[in-house]
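Starting from 1, each residue takes its place in the sequence as its number. Computed from a predicted structure; not experimentally measured.
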Amino acid sequence: MEERFDRLAKMLQKVNPGLSCQESREWVEGLWEDFESTRAKAGREYEGQNVTEKMVTQLINSYGHKLHEYFSSNPKFQRFIKKDGPIN
């Protein structure tokens, strides 16, 4: 699992170099957790880490370059917003 997170964090940092290694890792873990918990709440059957990794990869490829612009009132993602504004 650590290997997956590290690989995804490096992928995210490649498309959004404004994120630190730690921030990239936290985004990956947050996206992973959010995807799995949303599916569980919807009553979907767990399909495994490969499905989740594929979805997180798609999110990184589609939105990774502008995650620093993301704002959410969701407390899960508030930790990604720096006190002086979004991550640059």
> Under 4.5 Å between any side-chain heavy atoms of Glu26 and Gln22, yes or no?
Replying inline: yes

>> If you compare all heavy atoms of Glu23 against all heavy atoms of Leu19, which two are closest, and at what distance to 0.1 Å?
In response: OE1-CA, 3.5 Å

> Given the rule in the side-chain contact (heavy atoms from CB on, under 4.5 Å) test, do Trp32 and Met55 qualify, once you have shown the distances and angles that lead to the verdict?
Replying inline: CA-CA 8 Å; Trp32 187 286; Met55 183 61 192; over 6 Å; no

>> Please determine whether side-chain contact (heavy atoms from CB on, under 4.5 Å) holds for the pair Met11 and Asn61, giving the CA-CA distance in whole Å, both sets of side-chain angles, and the decisive distance to 0.1 Å.
In response: CA-CA 9 Å; Met11 180 188 306; Asn61 288 332; 4.2 Å; yes

> In terms of heavy-atom contacts, does CZ of Phe5 have more than 12 from other residues, nucleotides or ligands at under 6.0 Å?
Replying inline: yes

> Going by heavy atoms in the side chains, are Ile60 and Val28 under 4.5 Å from each other?
Replying inline: yes

>> How close do Lys66 and Asn16 get, counting heavy atoms only, and between which atoms?
In response: N-ND2, 4.2 Å

>> Is the shortest side-chain heavy-atom distance between Arg25 and Asp6 below 4.5 Å?
In response: yes

> In terms of hydrophobic clustering (I, L, V, M, F, W, Y; side-chain heavy atoms under 4.5 Å; direct or indirect links), are Leu31 and Tyr46 co-clustered?
Replying inline: no

> Would you say the side chain of Gln13 lies within less than 4.5 Å of the side chain of Cys21, judging by non-hydrogen atoms?
Replying inline: yes

>> Within the supplied structure, the quantity of interest is the number of heavy atoms (other residues, nucleotides, ligands) at a distance under 6.0 Å from Arg44 CZ; does it exceed 12?
In response: no

> How long is the span from the OG1 atom in Thr38 to the CD atom in Glu33, to the nearest 0.5 Å?
Replying inline: 9.5 Å

> Can you name the nearest heavy-atom pair linking Ser24 to Ala9, along with the distance?
Replying inline: CB-O, 3.6 Å

>> Looking at every non-hydrogen atom in both residues, tell me the closest pair between Met1 and Gln49 and how far apart they are.
In response: SD-NE2, 3.3 Å

> By ring pair (Phe, Tyr, Trp, His ring centres under 6.0 Å), which residues pair with Phe35, not counting sequence neighbours?
Replying inline: none

> Leu8 and Glu29: side-chain contact (heavy atoms from CB on, under 4.5 Å), yes or no, with the steps?
Replying inline: CA-CA 9 Å; Leu8 291 168; Glu29 290 178 12; over 6 Å; no

> With no hydrogens and no angle check, is any side-chain donor or acceptor of Ser62 less than 3.5 Å from a backbone partner on Leu59?
Replying inline: no

